[in-house]
Amino acid sequence: MAGTSVHHNLFLPQPQEDHHHKKAIDFASREQECISLLKRCKNMEDLKQSHCLILKLGLICSSFCTSNLVLTCALSNWGSMDYANSVFEQIEYPNSFEFNTMIRGHVKDMNVDKAIVLYDQMLEMGIKPDKFTYPSLLKGCACLRGLKEGMQFHGHVYKNGLDNDVFVQNSLINMYGKCGEITQSCSVFKQMDDFDRSLATWSAVIAAHASKEMWSECLSLFQELTNQRCWKAEESVLVSVLSSCTNLGALDLGRSAHGFLIKNLSGLNVIVETSLLDMYLKCGSLVKGLTIFERMKVKNQWTYSAMISGLALNGYGNEALRVFSEMVEKGFEPDEVVYVGVLTACSHEGLVEKGLDFFNKMKVDHKIEPTIQHYGCLVDLMGKAGKVKEAFDLINNMPMEANEVLWYSLLNACKIHQNFELGDKVAKKLLNLNSLSPSTYVMLSNMYAKAQKWEHVALTRKDMTQKGLIKTPGYSCIQVKRKAYKFVSNDIMLSHCEGVSDMIYQMELQLKFEGYFPDTSDVFLDVDDKEKIERLSRHSQKLAIAFGLINTSEGSPIRIVRNLRMCKDCHTYTKMISSIYERSIVVRDRNRFHHFEDGECSCKDYW
DNA sequence: GTAGGGTTAG
């Protein structure tokens, strides 16, 4: 009997079993040898040799070896998907590891279609996808903005009960984010427990909001993140945060992000430093921006570019031009983006001749073909300086068709310099372009209103309504105690508006005492003066200033970011408030900064 | 037994 014989031989040598055991050890050690060889591969030549060894040692039947062969080949930087595929195809029954690896390899090479084909094949063979399968597939969908496919995979994830895996969830958040489906992205995020979220979770959800330009949401999320267990200062998240601060003008938060970086990282790379620099400059903190710039050990052309446009934005056109010559001296070849900054510098300073010189230099010395953006700067430069006729000729002689932005800028200049005749021509050009931009229609209608052409006003309005266009609401953002508050013109029903109406009333009493009279010339509504004055008093900038005066300590600066250009009345009003309440008020509009101090503005009323 | 998610600027 086999049983008894085993029993009898329990303490005796068992030659047969020992032989098997030895063989098994032998096999395992050969496997290990191959794996370590594979790990040492540095190129395809090495890999082919390892492959040969695997064949020679008869290890091709070892799933562990072939798996690692496919892995090394498919995922190394020097690898080859073709070769990986030839190995993969010889595997009679590939397991999920091998499928996952091949799928990942195809996604890495941006062959998402091939990855999806393999996934289907996997299902057909009855191999169950696991938590490793979906992250790469979802990444593929994210890269290709394939929402439809992404949603299907989401369904499969759910069906396979993998919706609790943090990697899968992060991939879903990222996929929905890249496809612009912020609601879905948030919904996956919200379904996760605080404890399950990793830094990548936060990074993905913050990036998703950033791509939708939901800046204040980005910052709220970042605030939340800093209270988390997984939180550690890390460059990529902080760059997104810094760019949110930049776009919101959230200087306080930008500053604390800077603090995190200093505290937690030994050295900052040039990307982070450039975003920091850009943040300070675009938040109107010029001195800080300059300090960073001067201390930077490594600067590249992006750094110079940020510095040049930052200086221009703050009204230091001449300084911007000095930095530009430094950049050229250091041997950085200026590109077309830098030249946009240079021309903007000239435009904000009213340096018409210099601007034209630079424009020519760009073409002749640096062989840069001017883009429509450069022409846009020139049109702006000339238009603002009152040379509207010259700007018009320039547009007509450009090598390309003018776009809406150019005509819009010229129309604005015509409005400022009250050249209604040319304005009318420009208006027609704009109408011909049949643009669907609401701001164009608003500008047109304002233009006609100023010229008292009420029929045209009515027509423009009607046209706008028929096209279903809604006027872009003007807003002003203000940052108080690390929170951004948004004020929309005429909207005092917002929860944070409490006390603002009373403050506006008090401010107006003070202003009147100082001789302020509302300037309704920029209110182009067909309503009576009383209504105009009332609307004027509820412009978003005024609401934001009132809120700022209530909620910040005496003497501290008030910083506001607007989406549109401010009206003449708001400009005068802010100048006066800065002296009455002894506050410096920094307002960023869509083009530049206004630093209000002691009743004056840094733009010298030229904007 | 092997592996996976978020990478940024002017």
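Quick caveat, the model's predicted, so the values are computed rather than measured. Note on naming: letters A, B, ... go to the chains in the order of the sequence lines (proteins, then strands), and numbering restarts at 1 for each one.
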*Tell me: CZ of A/F222 to P of B/dT8, nearest whole Å?*
18 Å
*Can the ring centroids of A/Y316 and A/F593 be said to lie less than 6.0 angstrom from one another?*
no
_Listed nucleotide nearest any side-chain atom of A/Q32, set B/dT7, B/dG1, B/dG10_ = B/dG1
*asked:* Please determine whether a side-chain nitrogen or oxygen atom of A/K131 lies at a distance below 4.0 Å from atom OP1 or OP2 of B/dA3.
replied: no
*Just wondering, more than 12 heavy atoms not from A/R229 lying within 6.0 Å of its CZ?*
yes
*Starting at atom CD of A/Q373, determine the distance to atom C1' of B/dG10, rounded to an integer number of angstrom.*
12 Å
*Is the phosphate of B/dG4, meaning OP1 or OP2, less than 4.0 Å from a side-chain N or O of A/K108?*
no
_Residue A/V338, side-chain atoms from C-beta onward, closest of B/dT8, B/dG10, B/dG1_ = B/dG10
*d(CE, A/M327; P, B/dG10) in whole Å*: 15 Å
*Which one, B/dG6, B/dG4, B/dA9, comes nearest to the side chain of A/A204?*
B/dG6
*Go through residues 67-102 of chain A and report each residue with a non-hydrogen atom lying under 4.0 Å from DNA chain B, sorted by number.*
A/S67, A/N68, A/F97, A/N100
*Among B/dT7, B/dA9, B/dG1, which nucleotide sits nearest the side chain of A/E31?*
B/dG1
_Closest to side chain of A/D165, choosing from B/dT8, B/dG4, B/dG10_ = B/dG4
_For A/F132 together with A/F167, are the ring centres under 6.0 Å from each other?_
no
*Do the ring centers of A/F189 and A/W202 come within less than 6.0 Å of each other?*
yes
*asked:* Please pick, from B/dT2, B/dG10, B/dG6, the nucleotide with the shortest atom-to-atom distance to any side-chain atom of A/W302.
replied: B/dG10
*Between A/W302 and A/F332, does the ring centre distance come in under 6.0 Å?*
no
_A/L137 side chain reached by A/H156 side chain, heavy atoms, under 4.5 Å_ = no
*Any idea which of B/dT8, B/dA3, B/dG10 is nearest the A/R104 side chain?*
B/dA3
*Atom CG of A/N300 and atom C1' of B/dT8: how far apart are they, to the nearest Å?*
13 Å
List the atom pairs, with distances to 0.1 Å, where a side-chain N or O of residues 143-151 of chain A and a protein N or O form a donor-acceptor pair under 3.5 Å, not counting sequence neighbours.
| from | atom 1 | to | atom 2 | distance (Å) |
| --- | --- | --- | --- | --- |
| A/R145 | NE | A/K178 | O | 3.2 |
| A/R145 | NH1 | A/A142 | O | 2.6 |

_Given B/dT2, B/dG10, B/dG6, the nucleotide with the shortest approach to the side chain of A/F64_ = B/dT2
